Novice: 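Can you keep this structure in mind? I'll have questions shortly.
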Amino acid sequence: MSSALVGISPTPVEVPPVVHDLAGRLRPVATVVPVWRNEYGGFTARLEDCAQLEDRRNTPGRTTSRAAGRSSYLKWVPRGSACPSPLAEADRLVWAGSFAPLPRVLDAGRDRHGSWLLTEAVERGGAIATSAIEPRWRSQAKRSAIAIGLGLRRLHDLLPVDTCSFVRTAELRVAALTRSAAVTLRGTPWGDPPPVDRLVVCHGDATVPNTLLDRAGRFVAHVDVGDLGVADRWSDIAVTTRSVTRRYGPGLEPLVLAAYGVAPDPVRTSYYRALWDAEEAVRVRRVARRPDRRGYLRRAS
Ligand SMILES: Nc1ncnc2c1ncn2[C@@H]1O[C@H](COP(=O)(O)OP(=O)(O)OP(=O)(O)O)[C@@H](O)[C@H]1O
Ligand SMILES: [Mg+2]
């Protein structure tokens, strides 16, 4: 199973019962719309406020009012999942949200099934901002690639390193990898990080799906900041450029780099991609060892 935008899937995707129940507790009158399923059993749904829908029907063209309620996004992650904790993400959103465009936290918590994060839908001009992975942005790949590069630069420029308590340097990541892989990585391609180019507060998962665009295809905000922390800016740039070429097609990397405002750096780029891949391999092994973590999806179908 790979991460997928299930909200536009040709075959309808059911919201897992555990997510449905949770949504009912958090937003009793909302309609639950499936949006995204990640590789580690996590599921995101949009909770559309019925009062808001009613309000839009009664007053065509009216933009969402806070009194009428605003849609929200519920991310649920099963207990023991290999993806970042929604609670850790909530902490990061609360800190970083006062500096950069990120969703507002409405609720976060955990129970015996898993943990969750509820955020306010990011809106621009009365419409919910959409993920850059949506097909309409893929069909305007060059513009979208530029918007993604500009958005990443904006995030790095806005978040202050000196007051950030979240750290995600290459050294810390290699140490974590060494612990989970139970081997020493010294002397491997990941063991010796290249010297830092510029320390910034990195997104941590700055990919195409985690970038939101407005109706005109301009950058609006990032989501999914559970791994946000201080690191060399290339740990984000390397991942963003690869995500753009994987999701939209080859040849777009120079556009992302130019929009960000940096010259190519092949050494740091390949180092941070290799580190990412090594972490991903550990996560995939964890999921393979615990197939029960996917059980809730089977029960739902
Ligand atoms: N507050 C929000 N406003 C608008 N869209 C949102 C919001 N929160 C989440 N989304 C949408 O839901 C999708 C899934 O959310 P998120 O990226 O947090 O989940 P994830 O499972 O951690 O993703 P990944 O597979 O990248 O790890 C996002 O790509 C985005 O399209
Ligand atoms: Mg995501």
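Not measured: the values here are computed from a predicted model. One-based numbering, in listed order, for ligands and for the atoms of each.
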Novice: Any ion pair linking Arg242 and Glu280 (charged N to carboxylate O, less than 4.0 Å)?
Specialist: no
Novice: Using a strict cut-off of less than 4.0 Å between a Lys/Arg side-chain nitrogen and an Asp/Glu carboxylate oxygen, indicate whether Arg25 and Asp111 qualify as a salt bridge.
Specialist: yes
Novice: Can you list the protein N, O or S atoms less than 2.8 Å from the Mg ion (ligand 2)?
Specialist: Asn210 OD1, Asp224 OD2
Novice: Could you walk me through whether Leu177 and Leu275 pass side chain to side chain contact (heavy atoms under 4.5 Å, CB included), step by step?
Specialist: CA-CA 9 Å; Leu177 204 50; Leu275 182 57; 3.8 Å; yes
Novice: Please give the N or O to N or O pairs under 3.5 Å between ligand 1 and the protein, distances rounded to 0.1 Å.
Specialist:
unit_1   : atom_1 : unit_2 : atom_2 : d
ligand 1 : 1 (N)  : Thr119 : OG1    : 3.0
ligand 1 : 1 (N)  : Glu120 : O      : 2.9
ligand 1 : 3 (N)  : Val122 : N      : 3.0
ligand 1 : 17 (O) : Asn210 : OD1    : 2.9
ligand 1 : 17 (O) : Asp224 : OD2    : 3.1
ligand 1 : 18 (O) : Lys75  : NZ     : 2.9
ligand 1 : 21 (O) : Asn38  : ND2    : 2.9
ligand 1 : 22 (O) : Lys75  : NZ     : 2.8
ligand 1 : 22 (O) : Asp224 : OD1    : 3.0
ligand 1 : 22 (O) : Asp224 : OD2    : 3.0
ligand 1 : 23 (O) : Trp36  : NE1    : 3.1
ligand 1 : 23 (O) : Asp224 : OD2    : 3.0
ligand 1 : 25 (O) : Ser3   : OG     : 3.2
ligand 1 : 25 (O) : Trp36  : NE1    : 2.8
ligand 1 : 26 (O) : Asp224 : OD2    : 2.9
ligand 1 : 27 (O) : Asp224 : OD2    : 3.2
ligand 1 : 29 (O) : Pro209 : O      : 2.9

Novice: What residues form a side-chain hydrogen bond (donor to acceptor under 3.5 Å, both in side chains) with Thr245, not counting sequence neighbours?
Specialist: none
Novice: Considering the options Asp224, Leu117, Leu212, Val223, which one meets the side-chain contact (heavy atoms from CB on, under 4.5 Å) requirement together with Pro103?
Specialist: Val223
Novice: Would you compute the distance between atom CZ of Phe43 and atom CD of Glu14 and round it to the nearest 0.5 angstrom?
Specialist: 9.5 Å
Novice: Determine which pairs satisfy salt bridge (charged side-chain N to carboxylate O under 4.0 Å, His left out) with at least one residue from residues 144-155, sequence neighbours left out, and list them in order.
Specialist: Arg153-Asp157
Novice: Does Ser243 use its side chain to pair, donor to acceptor, with the backbone of Val239 at less than 3.5 Å?
Specialist: no
Novice: Got a salt bridge between Arg92 and Glu89, using NZ or NE/NH1/NH2 to carboxylate O under 4.0 Å?
Specialist: no
